Amino acid sequence: MALLAEVQKDYGRLKNFVNGEWVESTSSKDIDIENPATGDIIGKCPASTADETKAAIEAAQEAWMAWRETPPITRARVFFRLKDLLEQEFENIARIMVQEQGKTIDEARGETRRTIENVEVAAGIPSLMMGYGLEDGAASGIDEDAVITPLGVFGAICPFNFPAMIPYWFWPYAVASGNTYIIKSSSQVPITQYYLFKAIEKAGFPPGVINLVNGSREVSDMMLDHPDMKGISFVGSTPVARYIYKKCGENGKRVQAQGGAKNSLVVMPDANLARTVPNMLASFFGCAGQRCLAGANLVGVGEISDELIGKFADASKRIKMGYGLEESINMGPVVSAKAKKKILEYIDGAEADGAKILLDGRNAKVQGYEKGHFVGPTVIDGVTPDMKVAQDEIFGPVVSYLRMETLDDAIDFIHKSPFGNAASIYTQSGRHARDFRYKTQCGNIGVNIGIVAAMAYFPFAGYKDSFFGDLHGQGRDAISFFTDRKVVITRWF
Amino acid sequence: MVECEFPECTTFGSVIRFALELEKGAAAVYQELADNPGLSQAAESFRVLSAAHKKREELLEHTRREKLNEMILEPIHEIDSSEYIIETKVPEGVDLKGAAEFASDIEAKSARFYSDSSKVAQSLLAEAARILDRMGKENQANKEKLEAL
């Protein structure tokens, strides 16, 4: 089957979008953007300077008051226009994501749909942002109201794994509720946002309301330090999330910082394996394991353990790898040579620790894509809770298989992890499912679902070292994060 | 003759791609039959069928864009795509009976494809499954119409 056409072979040096204009960065430093399947360089991301970031923040601050004064229904209309423009560009957005990130076209189309869904939900801002009031609420003849107000300039520092969607967990809610915004996309995958901003430009947001600054640490540091920045949303690794949380605290900013994960999928003896195994394949190997909701540990409980690992390993062998622009591909490469090296080291380490590599993806090759960063599906049996492959976030298509006696053992194991992003149970028993969702201390719980990805109108939750902050991205949580409550008590003489 | 490229059906996207190729092939075959002076007595029927298949392409594109949920993108192993590949080269000098049989084979294979893929999609994307099931039933109805020609 032929490959779907690439949108462009080379995207050149990306510009920033500041104050409604496309501007070249003056930086002399560029970061290569690589197609992880082919190894081709498909563009350059400028390492924009602190001054360029400052100019974007100042433009956003300047734009804020007029945007705040724009009625919510008028702000919503811009989002309706943006939704239409994104629908028109749907396929191109998805294909660019495949090119720069490596995921499959189905995954990229799914991500594009979720991106648009966040715009759709944010367009409901007149309802989402309503306050509340009470006649005689303070005393007889004295009314009390709470109004929801925006705060100013917010920004997002984004990761490589979901180049389109993750900024949209935040900015549509921030801007719809009357704030202005700065996005710094990952320097590994900046083309998707660059392309999305062409739609943003056409949608008709006033200059300065939404800005894009490409770059690396210098951009992030300015966003974290600048006094006009009211808050930061971040998604990435736990050490960086912890740093950003601390830094924002010191600087008096709001913060929502999502960190790493080590998600367990628990399979009970009564699970329907015919349905369970394919669903788990999507969780462990979807996006080549590079999602914070990916399964990482497979936990077989009781007598099902041997049958489960046999069926799961057999099914894993049938995963078809390749360039994601071929529609029949199940799994693409990992994002970079560096990521691949780290994943292979973990597999080597598991072997050295005495685990058995049941399915070995270390030497995976894809014909025609010899420069691609492919790691094949890897299933490791005989993993024990003390091994690094059971504890650390690997962020690749690697399954650590553990055997447990009881459901409580499995939940105890999950609780020993410093992470608390997601966990799933596969069972036909309502009692087991109820116990699991009640007891398990993770932000996203799946029952017979291995990727617990909250829809746009629900918060993307997370506990422990997987999330630093109080209010999450998406839905009502996002509206609360980007606004404050102002109480007004009124008495007329 | 239209060139169709039928993929392996291992993902949701490739199932929809296969279906799009079926529709493209069927629409082109019916158009060719409609334009054949030797089959003028059934030209209108063939034109209607060609238009219907073109319209179904739009429905499939819509399904791919709107009914896909990345949370349940499970690999698909149950569909052997080679069983559903249609012939799009209309035999030379075909008469009405032969044309109806040729087209009927396309409808029969398409009906089986949609029915089988709907069963697979049922566990993944129930909305998509309903659409595929309905399309299979339309193929079956088309087949019956062709047999009456």
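Remember, predicted model here, so these are calculated numbers, not experimental data. A, B, ... follow the sequence lines: proteins, then strands. Residue 1 opens every chain. Computed from heavy atoms alone, side chains included, the values below leave out hydrogens, waters and symmetry copies.
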message: If the contact rule is any heavy atom under 4.5 Å from chain A, which residues of residues 89-117 of chain B qualify, in numerical order?
response: none
Most contacts with chain B, counted as non-hydrogen pairs under 4.5 angstrom, among G450(A), A453(A), C287(A): A453(A)
message: Quick check: closest heavy atoms across R114(A) and N69(B), and the distance to 0.1 Å?
response: NH2-OD1, 3.7 Å
Salt-bridge contact R65(B)-E91(A) (side-chain N to carboxylate O under 4.0 Å): no
- prompt: Is atom NZ of K24(B) surrounded by more than 12 heavy atoms (other residues, nucleotides or ligands) closer than 6.0 Å?
  reply: yes
field: Derivation and outcome, side chain to side chain contact (heavy atoms under 4.5 Å, CB included), residues K320(A) and H77(B)
entry: CA-CA 11 Å; K320(A) 190 176 167 190; H77(B) 298 305; over 6 Å; no
query: Side-chain contact, heavy-atom cut-off 4.5 Å: I16(B) with R109(A)?
result: no
message: Heavy-atom cut-off 4.5 Å, strictly under: side chain, backbone, both or neither for R113(A) against chain B?
response: side chain
query: Run the side chain to side chain contact (heavy atoms under 4.5 Å, CB included) check on L4(A) and R17(B) step by step: do they pass?
result: CA-CA 11 Å; L4(A) 298 170; R17(B) 169 65 53 198; 3.6 Å; yes
- request: Just give me the residue among A94(A), A108(A), A315(A), A282(A) that pairs up with chain B most often, heavy atom to heavy atom, under 4.5 Å.
  value: A282(A)
field: Heavy-atom closest pair, residues S14(B) and S328(A)
entry: CB-CA, 3.8 Å
query: Of the non-hydrogen atoms in L68(B) and D106(A), which two are nearest, and what is the gap between them?
result: CD2-O, 3.8 Å
- prompt: Is it the backbone or the side chain of I329(A) that comes under 4.5 Å from a heavy atom of chain B, or both, or neither?
  reply: backbone
- prompt: Side chain, backbone, both or neither: which part of M455(A) has a non-hydrogen atom closer than 4.5 Å to chain B?
  reply: side chain
statement: Shortest non-hydrogen pair, N330(A) vs T11(B), comes out as ND2-CG2, 3.4 Å
Salt bridge (Lys or Arg N to Asp or Glu O under 4.0 Å) between R64(B) and E327(A), intermediate numbers included: CA-CA 12 Å; R64(B) 181 168 68 188; E327(A) 286 179 303; 3.2 Å; yes
message: Within the supplied structure, the quantity of interest is the number of heavy atoms (other residues, nucleotides, ligands) at a distance under 6.0 Å from E3(B) CD; does it exceed 12?
response: no
message: Counting only heavy atoms not in F90(A) (residues, nucleotides, ligands), do more than 12 fall under 6.0 Å from its CZ?
response: yes
task: Test side chain to side chain contact (heavy atoms under 4.5 Å, CB included) on E74(B) and L281(A) and set out the steps.
output: CA-CA 7 Å; E74(B) 298 170 7; L281(A) 293 176; over 6 Å; no
task: Please look at E117(A) and chain B and tell me whether the side chain, the backbone, both or neither of the residue comes under 4.5 angstrom of a heavy atom of that chain.
output: neither
